[in-house]
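To start, the structure under review is shown below, and the notes come after it.
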There are 2 protein chains.
Amino acid sequence: MTTIHEVAQYAQVSIATVSRYLNDTAGVRPETGRRVREAIAALDFQPNQIGRSLKTASTRALGIVIPSLENPVFAQAVSGFDAAARRRGYSVMMTTSEYDQHREIEAVETLLRYQVDGLALTATRSDAPVVRERLAANRAPYTLIYNEPTPDERAVVTVDNAAAAAVAAEHLVELGHRRLAMITGRLAESDRASRRRDGFVGAIARLGLPAPQVREVDFSARDVRPVLEQLLGTPATRPTALFCSNDRLAIAVIGAANRMGLRVPRDISVVGFDGIDLAREFVPSLTTVVQPSYDIGYAAAKAMLDRRAGQDPTMPVILPFSLRIGESTAPLGQDGPTTPRPVCPPQSNEAML
Amino acid sequence: MTTIHEVAQYAQVSIATVSRYLNDTAGVRPETGRRVREAIAALDFQPNQIGRSLKTASTRALGIVIPSLENPVFAQAVSGFDAAARRRGYSVMMTTSEYDQHREIEAVETLLRYQVDGLALTATRSDAPVVRERLAANRAPYTLIYNEPTPDERAVVTVDNAAAAAVAAEHLVELGHRRLAMITGRLAESDRASRRRDGFVGAIARLGLPAPQVREVDFSARDVRPVLEQLLGTPATRPTALFCSNDRLAIAVIGAANRMGLRVPRDISVVGFDGIDLAREFVPSLTTVVQPSYDIGYAAAKAMLDRRAGQDPTMPVILPFSLRIGESTAPLGQDGPTTPRPVCPPQSNEAML
DNA sequence: GCTTGTTATGTAAACGTTTTCAGATAATGA
DNA sequence: TCATTATCTGAAAACGTTTACATAACAAGC
């Protein structure tokens with residue numbers, strides 16, 4: 001590893017001059033600059049970011065903790081986060097919490113030890129005290145992504161989950177459905193799932209329809225089948241439309257419904273939440289509430305960097321969602337449009353904070 | 001930020017003792033230990049990893065550069081990489097190259113400046129000289145993932161792309177197909193796509209069939225439609241089966257075929273490559289060569305950490321692939337099995353180095 | 001009680017940078 | 001030519017750790 005000292009020696013200048021050349025922080029005489037440049041080239045010198053970070057108290061790195069990379073929603077968010085960071089010359093440290101609270105805390109602590117200049121996190125619940133304490137105690141700015149803002153917690157980038165779920169409900173009701181139900185991941189382990197439930201249930205109440213049944217399933221979605229059988233067991237009272245708290249779940253539900261001999265959307269309509277890309281290509285293509293995951297990641301990084309740059313970005317950032325209508329929803333008893341499949345441009349939606 | 005100095009002062013010991021307590025590197029008297037422990041708790045001290053890294057010349061962080069996170073294959077690899085790193089107490093710095101060679105070099109340089117203790121990379125081509133130079137010049141071990149090993153370059157974790165593509169060819173031929181074709185991403189920009197092409201073409205030659213047509217398309221897969229129309233234009237000589245160099249392409253191809261009025265697999269069979277999870281849920285579910293992406297990431301991290309631990313892991317690491325048979329392939333003229341869809345367990349395959 | 005050995009602790013240097021401060025050099029005006 | 005100023009450069013301290021080395025404390029052996 002060649003250091004600034006060797007460069008200085010080679011160029012017959014002091015390390016201070018080399019440093020100044022590197023950061024062009026003060027006038028370095030052209031001739032001196034040339035010597036330094038040559039030395040750097042000759043020795044193939046790359047400044048050591050660790051030494052730099054120690055002195056400047058800035059690592060020029062941001063951290064991000066997400067539940068899992070296997071979910072395209074989070075992968076996209078990381079993608080946007082990385083892009084925003086890179087654009088400003090920052091790098092990214094990333095890790096996953098595997099939907100585990102304990103692991104989540106550990107991850108945050110690890111990244112803070114690395115002195116990241118900002119930390120984005122999808123917490124299981126935004127009101128989880130331990131994590132918030134850790135984050136608040138730190139000098140680095142942080143942002144919760146996908147989580148629900150609360151009066152105490154405004155450092156959030158997300159969509160209005162309740163309003164978005166309401167739009168899903170309205171879509172189904174417009175299609176003529178009256179008996180609705182929701183299948184969701186564990187509510188206790190996800191504040192966003194809870195909000196989606198609230199929004200869905202609330203919208204249905206406002207429309208004067210009977211309260212929907214809500215069923216929780218595991219994240220693994222292994223237990224979708226029995227839940228579905230139980231839910232759809234009695235044809236007389238069977239819901240005709242299902243809202244799923246995320247796209248993976250929706251896809252699993254459609255698969256299970258198929259295997260149960262039900263056809264989507266003829267027998268039952270299904271709406272997802274997330275808007276993952278590949279869900280477009282399914283047969284039936286998935287009707288889903290699209291959240292701008294890339295933008296969520298991007299905005300989170302940007303907000304923290306702005307904050308560090310002395311600005312005071314308005315928080316929380318609530319990004320627009322949209323309802324992408326696919327083939328998985330239709331008026332009861334009708335099949336959706338079939339081949340050739342219509343291209344459904346995302347339909348932007350104004351209903352946001 | 002509380003430092004080791006403040007802890008030392010609070011506990012009435014020297015910073016050396018605090019350090020020794022933290023790393024339990026030498027006997028600290030129980031009574032002294034207690035005082036230090038109390039000080040740490042009282043001051044909420046977390047050791048600064050930057051200071052640590054500078055002194056120990058080890059960041060306990062690994063870097064990984066992949067083309068894109070939007071492709072589930074790479075997201076899974078990162079997931080495995082992170083898991084392996086975490087297991088050994090390492091953290092991960094990640095960035096994407098967006099399939100751009102220039103950006104790739106830049107990314108590598110950035111991560112090396114951060115003094116990562118190891119660097120995994122999916123290079124556009126494993127023989128790209130610039131990147132290899134940069135990596136080789138560095139003290140940190142590196143591993144190429146997904147790339148093709150060459151005589152010069154053994155630090156690789158991947159699957160045997162040629163053999164895997166051959167298995168795809170054999171599957172199609174077994175089903176009775178005789179006129180085959182391949183649709184691939186730009187060969188010049190991906191050594192693995194090239195190898196898959198070679199394996200596919202080679203297998204077909206060995207089986208005594210006419211050479212398949214090979215068509216390149218962009219990564220965006222926007223131009224799939226015209227390519228497909230041109231390829232399938234003349235019914236008389238139209239291929240009856242297509243091999244796609246990756247799953248995203250295969251999904252796009254199936255979509256385009258549908259829109260052209262062709263049915264998969266009745267009119268044409270399609271095989272993908274990657275084994276992304278969601279491809280299972282498509283209708284038709286995708287027949288694809290499954291590569292163990294999580295394991296690839298995991299093995300890459302493990303190899304580098306082993307190497308740092310003084311071991312000499314055997315390289316290259318060639319992991320097993322398997323052919324997952326779905327509904328997108330069938331004997332010519334037949335529809336695949338329909339609802340209820342069969343569950344196809346990954347069928348392990350011995351054909352590997 | 002004195003040496004010897006063992007164990008626990010402290011002092012100070014080092015890791016690779018940036019940056020303050022002061023000194024040296026060059027440029028300018030008389 | 002000399003003083004004065006503006007520009008450039010160097011010495012040294014600092015960032016938060018770890019660690020070699022030295023020293024202090026203490027027990028054991030005589």
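Labels below follow one simple rule: chain letters A, B, ... track the order of the sequence lines, proteins then strands, and each chain is numbered from 1. These numbers come from the heavy atoms of this one structure, side chains and all, not from hydrogens, waters or symmetry mates.
- A heavy-atom distance below 4.0 Å to DNA chain C is reached by these residues of residues 31-51 of chain A, ordered by number: A:Phe45, A:Gln46, A:Pro47, A:Asn48, A:Gly51.
- Side-chain contact between A:Met304 and A:Phe81 is present, with heavy atoms from C-beta onward closer than 4.5 Å.
- Partners of A:Pro316 according to the side chain to side chain contact (heavy atoms under 4.5 Å, CB included) rule, which considers only residues two or more places apart in sequence or in another chain, are A:Pro149, A:Arg154, A:Val156, A:Ile318.
- Ion pairing of B:Glu109 with B:Arg113 is absent here, as no side-chain N (NZ or NE/NH1/NH2) approaches a carboxylate O to less than 4.0 Å.
- In summary, contact between chain A and DNA chain C, defined as any nucleotide atom under 4.0 Å from a heavy atom of the protein, begins and ends at C:dG16 to C:dT20 in the 5' to 3' direction.
- Under the salt bridge (Lys or Arg N to Asp or Glu O under 4.0 Å) criterion, the residue pairs touching residues 70-88 of chain A are A:Asp82-A:Arg86, A:Arg86-B:Glu98, A:Arg88-A:Asp306, with sequence neighbours excluded.
- Remark: A:Ser97 engages A:Val65, A:Pro67, A:Arg103, A:Glu104 in a side chain to side chain contact (heavy atoms under 4.5 Å, CB included) (not counting sequence neighbours).
- Of the inter-residue distances, the one linking B:Leu121 atom CG with B:Arg134 atom CZ reads 13.0 Å to the nearest 0.5 angstrom.
- Recorded end-axis angle for the helix from C:dG1-D:dC30 to C:dA30-D:dT1 stands at 50°, based on five pairs per end and rounded to 10 degrees.
- Taking atom CG of residue A:Asp24 and atom P of nucleotide D:dT7, one finds them 17 Å apart after rounding to whole Å.
- Partners of A:Glu6 by salt bridge (Lys or Arg N to Asp or Glu O under 4.0 Å), not counting sequence neighbours: none found.
- In this structure a side-chain-to-backbone donor-acceptor pair under 3.5 Å is missing from A:Thr124 to A:Gln101.
- By the 4.5 Å heavy-atom criterion applied to side chains, B:Met94 and A:Val78 are counted as neighbours.
- By the ring pair (Phe, Tyr, Trp, His ring centres under 6.0 Å) test, B:Tyr99 is found to be paired with B:Phe219, residues two or more places apart in sequence or in another chain being considered.
- Residue pairs meeting the ring-ring contact (aromatic ring centres under 6.0 Å, His included) criterion with at least one partner in residues 110-141 of chain B, sequence neighbours excluded, do not occur; the list is empty.
- Sorted by first and then second residue, the side-chain hydrogen bond (donor to acceptor under 3.5 Å, both in side chains) pairs with a member in residues 36-50 of chain B read B:Tyr21-B:Arg37, B:Arg34-B:Glu38, B:Gln49-B:Ser53; sequence neighbours excluded.
- Within residues 8-20 of chain B, the residues approaching DNA chain C are B:Gln12, B:Val13, B:Ser14, B:Ala16, B:Thr17, B:Arg20, by heavy-atom distance under 4.0 Å.
- Atom CG in A:Leu54 sits roughly 14 Å away from atom P in D:dA14 (whole-Å rounding).
- For B:Arg29 and D:dA27, the CZ to C1' distance is 13 Å, given to the nearest whole Å.
- Atom-to-atom, OH of A:Tyr114 to P of D:dT17 comes out at 14 Å; the value is rounded to the nearest Å.
- Judged as a ring-ring contact (aromatic ring centres under 6.0 Å, His included), the pairs with a partner in residues 25-78 of chain B (not counting sequence neighbours) are, in order, B:Phe74-B:Tyr146.
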